[in-house]
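Before any comments, here is the structure.
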Amino acid sequence: MSELETQIENRRRKREALVEQGVDPYPTRYEFDLEPSQVLERFGERSAEELEAEEQRLKVPGRVRALRKHGKTSFVDLHDGQSKLQVMIRRPQLDEAAEAVLENLDLGDFLGVDGQLIRTRTGELTVAADDLVMLSKSLRPLPEKWHGLADVEARYRRRYLDLIVNPEPRQVFEIRAALVRGMRSFLDAHGFLEVETPMMQAIAGGAAARPFATHHNALDIDLYLRIAPELYLKRLLVGGLHRVYEINRNFRNEGISTQHNPEFTMLEFYWAYSDYRQLMDFTEKLLVGLANDIHGEPAITWQGARLNLEPPWPRYSIKQAISHFAGIDESRLDHVADLAAIFDERKIALPTIVKETSHPVLQSGSRSKYEKEHAQTEIPGDWYGRFLMELFEETVEEKLQEPTFILDYPIAVSPLAKPSPEDPRFTERFELYLGGMEIANAFTELNDPVQQAQRFRQQMEARELGDEEAHRFDHDYIRALEHGMPPAGGEGIGIDRLTMLFADCPSIRDVILFPLLRPQATDE
RNA sequence: GGGCCGUUAGCUCAGUUGGCAGAGCCGCGGACUUUUAAUCCGAAGGUCGUAGGUUCGAUUCCUACACGGCCCA
C-alpha cells in the first residue's frame with residue numbers, strides 16, 4: 001500500500017470510528033454564530049479582561065488547518081478561507097461524543113466548536129471550546145502547510161487545493177470579481193442595459209477567429225460557439241436598445257498561451273450616437289476608476305513596473321506608432337512595396353496569412369520572389385493593411401507598457417469598422433495597449449449596409465485565398481442594417497487580461513479558475 | 001509546430017561524476033494542561049513520469065513518448 005493509500009485508510013478508519021460511536025461525520029445541519037473572520041472583526045480588539053467580563057460564548061465552524069496536541073490540552077486553527085481563529089480544547093471538559101471527535105480529528109476536517117471567547121497567555125484571541133462537532137470528515141491529506149501547493153500543474157488541475165493552501169489565488173479572483181463589479185456599475189450608471197446574446201450561433205461572426213463547432217440534434221443543424229457577441233449586440237442597436245453591454249464568454253478554437261485560453265471573458269458595449277473618440281475618453285475614465293477603487297490609486301503595478309493610469313493617455317495612429325517606437329519614417333509606410341523592403345531589412349517574417357495564402361504571387365513562399373513578381377502583378381488591395389499590421393505587431397506592441405491608444409487601423413483588418421473620412425484605407429478604430437498587451441478594441445461602427453455587404457464579400461475572398469479566420473457573410477445581419485442602425489461606437493475589453501494586469505499575474509491561467517489543460521488519466 | 005527546462009514519498013525539496021534512495025512537513029505509536037511552523041522519543045512510507053536502449057549494474061547516460069512550464073511560430 002502506498003503512503004497516500006495508508007493515509008486515506010487511516011482517515012477512513014477514523015470516519016468509521018465516529019460512526020460506531022454514534023457521531024455523524026457529515027451532519028445535515030449546523031447552527032453557528034460567526035465564522036472565524038467575523039469573530040476577528042467583531043472581537044479582535046477586545047482585551048483579555050474585557051473578554052473575561054463579557055463571557056461571550058460562540059459557536060464557530062471552520063476547516064482545521066493546524067492541530068497542536070499536548071497531552072490534555074489541544075490547539076486547533078480553524079480557517080474560513082480568509083482568516084484563522086484559534087481554538088483551545090481541554091480534554092477533561094469534553095463529553096464522550098466531543099472526545100470521539102477530537103480523537104478522530106485530522107487536518108482538513110470541518111469542525112464546529114462551542115465555547116467562551118478568551119485570550120491565551122500569549123494574547124491570541126481563542127475559543128476555549130468545551131464542545132466539538134464534526135461537520136465534514138476529510139479523507140485525503142492536504143498539501144504541506146508551510147510551502148503550500150507549488151506544482152503549477154497541480155494548482156491548475158486541482159484549483160480547490162490551491163485555494164485552500166495558497167493565499168494568492170483567492171486574492172486574484174477577488175480582484176477579478178471587483179473588476180467585473182466595477183464595470184457593471186460604471187456602465188449601469190451611464191444608462192447601459194445589460195443583455196445576453198447567443199453563445200451558440202449558426203454563423204460565428206464578429207471577429208477573426210476559428211470557432212468550435214457543435215451540433216443541435218433536434219433541429220439537425222450545425223452550430224458554433226460564439227467567437228464574439230458583436231453582431232447580435234449591434235442588432236440590438238437596430239432594435240432601439242441604444243446603450244447595451246454584455247459580459248460573457250467567447251470561445252476561439254486556437255492555440256493556448258500565457259495570453260490565450262480557448263474560452264475567455266469579454267465586456268462588449270455599444271453606444272448609439274457615440275464614436276471611437278468618445279470611447280477613448282470613456283475607457284480612460286472606466287479604467288482609472290477601477291484602479292482607484294481596487295488599488296486606491298490611479299495606477300497598477302505590473303511585473304515590477306508602476307503603470308500610471310491617469311488620463312489622458314497618448315494616442316498614436318498605427319503609422320505614427322511605428323514611426324515613433326520603431327524609428328521608421330512615416331513616408332515609407334504608405335506602399336506595400338516599401339513595407340516589404342522594411343520586412344527584409346529587419347528580417348521580419350511575412351504575415352502568416354500571406355504565407356498561407358495560395359495566391360499565385362506568393363506561391364513560392366519566398367519574399368525575394370514576391371518582390372520580383374510584385375512589380376508586374378496586381379496585388380490584392382487589402383495586403384497593404386496586413387503588412388502594416390504585421391510590422392506594427394513586430395516592432396511596437398511589446399513596447400506599449402504605459403496605457404496607449406493605437407488608432408486608425410487598416411480597413412483590411414477591420415471589416416466591421418467605419419472608414420476614416422480623411423483616408424479611406426483606414427478606419428475609425430482603436431486598440432488600447434497596457435503592459436504590452438492588447439486590452440481593448442473599439443471602433444466607430446460601420447452602419448452602411450451596402451458597404452458592410454461589400455466588406456463581407458472581401459472577407460469571403462480572403463477566406464477562399466486560405467484565410468480561415470476571415471469573417472463569414474451574415475445575410476441576416478445585413479438585413480438588420482438595412483433597417484437602419486444608428487451611428488454608434490462599440491468596444492470590447494478583455495476581462496482576463498485586465499485581471500492579469502490588476503492582479504499582476506503573468507499568465508492568463510492564473511486568472512481563470514479552471515484553465516483548459518489536456519485531460520489527465522485519473523490517479524490515486 | 002519548434003527550442004529550452006521540469007517530472008524523486010501525500011506535500012515541499014535534496015541527491016546519486018552509473019554501485020542498497022535522503023530530509024522536513026503530513027501520517028502512525030508514545031510523552032506532555034497556554035501552544036501557534038509546538039516540543040521530545042520511536043517506527044514507517046519510493047516502479048525516482050512511462051516504454052525501450054547502452055551497461056556486470058540505470059533513478060543517474062541515450063532514444064522515444066506522456067504531462068507541464070517558459071520562449072518562439
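Every chain is numbered from 1, with letters handed out A, B, ... down the list of sequences. Heavy atoms only: backbone and side chains are in, while hydrogens, waters and symmetry mates are out.
- The base of B/C26 lies close enough to the side chain of A/Gln7 for a donor and an acceptor atom to sit less than 3.5 Å apart.
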Per-pair distances, 0.1 Å, donor-acceptor, side chain in residues 82-93 of chain A, under 3.5 Å, sequence neighbours excluded:
| residue | atom | partner | partner atom | Å |
| --- | --- | --- | --- | --- |
| A/Gln86 | OE1 | A/Arg68 | NH2 | 2.7 |
| A/Gln86 | NE2 | A/Thr126 | OG1 | 3.1 |

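- Aromatic pair A/His324/A/Tyr316: centroids less than 6.0 angstrom apart.
- At the phosphate of B/C67, OP1 or OP2 sits under 4.0 Å from a side-chain N or O atom of A/Arg518.
- For B/U34, the base has no donor-acceptor partner in the side chain of A/Glu124 [N/O atoms by modelled type, under 3.5 angstrom].
- Residues A/Ser138 and A/Arg11 have side chains that bring a donor and an acceptor to within less than 3.5 angstrom of each other.
- Which of B/A73, B/G27, B/U34 sits closest to the side chain of A/Asn10 comes down to B/G27.
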Output field dot_bracket for RNA chain B (Watson-Crick or G-U, both distances under 3.5 Å, | for other-strand pairs) contains (((((((..((((.....[..))))..((((.......))))......(((((..]....)))))))))))).
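- Aromatic ring orientation, A/Phe251 versus A/Phe212: perpendicular (interplanar angle above 60°, classes split at 30° and 60°).
- For RNA chain B, the residues of residues 65-74 of chain A within the heavy-atom distance limit of 4.0 Å (strictly under) are A/Arg68, A/Lys69, A/His70, A/Gly71, A/Lys72, A/Thr73, sorted by number.
- Across all strands shown, A/Arg509 has heavy atoms under 4.0 Å from sugar-phosphate atoms exclusively, and none from any base.
- Taking 3.5 Å as the limit, the base of B/U34 and the side chain of A/Arg119 contain no donor-acceptor pair of atoms between them.
- Set against B/C70, B/U35, B/C25, the side chain of A/Thr120 has B/U35 as its closest nucleotide.
- Closest to the side chain of A/Lys14, from the set B/U33, B/C28, B/G10, is B/C28.
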